[in-house]
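These numbers come from a predicted model, not from an experiment. Basis for what follows: all heavy atoms, side chains included, without hydrogens, waters or symmetry-related copies.
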Amino acid sequence: MTADLTPVVVRLKLSLLRNGLRQSGGRRAAYIASAVAVLLFSVLQLLGLIALRGDEHAGSVVVPLVAVLAAGWAVMPLFFPGGDETLDPTRLVMLPLRPRPLVRALLVASLIGIGTVFTLCLLVGSVVSVAHGGTAYVFSVLGVLLALLVCVALARAVAVANIRLLTSRKGRDLAVLSGLVIAVGAQVVNFGAQRLGSGGLGQLDGPANVLKWVPPASAIGAVDSASEGSYGVAVLQLALSAAALAGLLALWSRHLTRLMTSPDGSTLPSAQGAARERGSTGLARLLPSLSAKSLGGTPSRTGTVMERSLRYVWRDPKTKAAWVTSLAIGLIVPVFNALQGTGSIYFACFAAGMLGVQMYNQFGQDTSAFWMVATTISSPRDAYVELRARALALLVITLPYATVVTVVTTALIGDWPKLPEVLGVSFALLGAMLATGAWTSARFPYSIPQEGYKNVAPGQSGLAAAAVVGGMVSAALLCAPVIALTIWANLSADGDEWSWVLLPVGAVYGAAVTWAGLRLAAPRTARRLPEILTAVSKG
């Protein structure tokens, strides 16, 4: 069976692709559209790299580009484990297959796909931009082949090493980090492009000199070295990529052998782990005590609701994705603008704004399970305690985070005298968003589908827009007094002496607005429980 294993696995890959496209016209259209988009982008990248031919810094551009490309191949299986069914070799463990022929067959089958075409276009464009002379073109053929195989083998080795995790529930939750990676990556690319635009491509010479010895970028560096007549260096750089390929194939084979010969114990919790799961954490013990002794609410209710809300943040994929994205963007926007020298210290308020949005549609994140919460609410007082506990759970994260982001932004800009007033505005904005979020949660609830990537159930987009947009506008209006006081402090001659007052004023104002918003939202929540339950259960 191993003699003809490679063509069998290749035909299997093609059959999986063909049968997947036959499932629905929408899936087929989406695949074709994405393939066309990737091909167009690949052609544009190819032409752009070819245009670099003859530029003295061409090698400094393509070598880091290939290194970033390889990093993308390494991390993509962690974020999108369901994108290619051949990433899961556990489907083949019951077949009498040897690891080495299987590795060879899976490596060849992995070359079939849109990602491989995109990578091949970038590699071809890279070698064309730096190759000069017949010998360099010989190195180009070997360099492209080695770089492509290293990228594919790297992705497969990472996937097989983590396949038990990736096919579990917790492993699938890793996909929520893709939003963080995309957000950070976009800002890094934007920051790097601006730096290159102002300083020129020569700034890449230093990193390129290091990366040309790191596989698979060393394979492209070998072409550049051969073009300069350094054939010994070129052979050594190709040898590094070949050694990396051999090492990755050996690592892949070893993990594949272990995977196909050892039992899967990933779903069998140990006694110690089960005891930890049943036991209460330190935070879980603290929250009920806090509610009973300090907040004057029904004993343990506030703490219980806070713990439930925090568990949603940690365990529910949709809630976690929203929080991860908000945390990332709330830090990226002020920090990257400060690093570029174009930012204002008031950009730090972006962190409070992004996290304050999490108060909106509080009941929607419960989905159909909200009926259990609804059975415990029989009066406006119960609704008030429920909303207050959810707001307090959000403050556990948002208050320290908004403070840290403000301090970091202030340190990068160096405008320490304005730190108190920016913190005051942030706290006031956060309080206003908690208040409007509580009210819109009761007035405009909507369902969040548990499956797929949609955050709003069909037919409820208008409700979601009204809740978020209307709530944010209302929060901005509620912050008008603090904003006006901040403007006066910046325009008045004596304002600098009193700017520190904005910190306690903003904090007290934010707390008062939050209290008022919760008080107003509680009676509406108690009256509209059936409507809320119907709205959040549609998904």
Kindly compute the distance separating [atom1] ([X]) from [atom2] ([Y]), expressed to the nearest 0.5 Å.
X	Y	atom1	atom2	result
Phe347	Thr406	CZ	OG1	13.5 Å
Ser426	Tyr346	OG	OH	10.5 Å
Ser441	Arg390	OG	CZ	8.0 Å
Asn361	Phe444	CG	CZ	12.0 Å
Tyr360	Met472	OH	CE	7.0 Å

List the steps, then state whether side-chain contact (heavy atoms from CB on, under 4.5 Å) holds for Val422 with Thr486.
CA-CA 9 Å; Val422 177; Thr486 303; over 6 Å; no

Less than 4.5 Å apart, any side-chain heavy atom of [X] and any of [Y]?
X	Y	result
Leu395	Leu434	yes
Asp366	Tyr312	yes
Leu122	Val66	no

Counting neighbours of CH2 on Trp416 that are heavy atoms of other residues, nucleotides or ligands and sit closer than 6.0 Å, is the number greater than 12?
yes

Output yes when Glu386 and Arg308 qualify as a salt bridge under the 4.0 Å nitrogen-oxygen rule, no when they do not.
yes

Check whether any side-chain N or O of Thr525 sits under 3.5 Å from a backbone N or O of Ala383 as a donor-acceptor pair, and report yes or no.
no

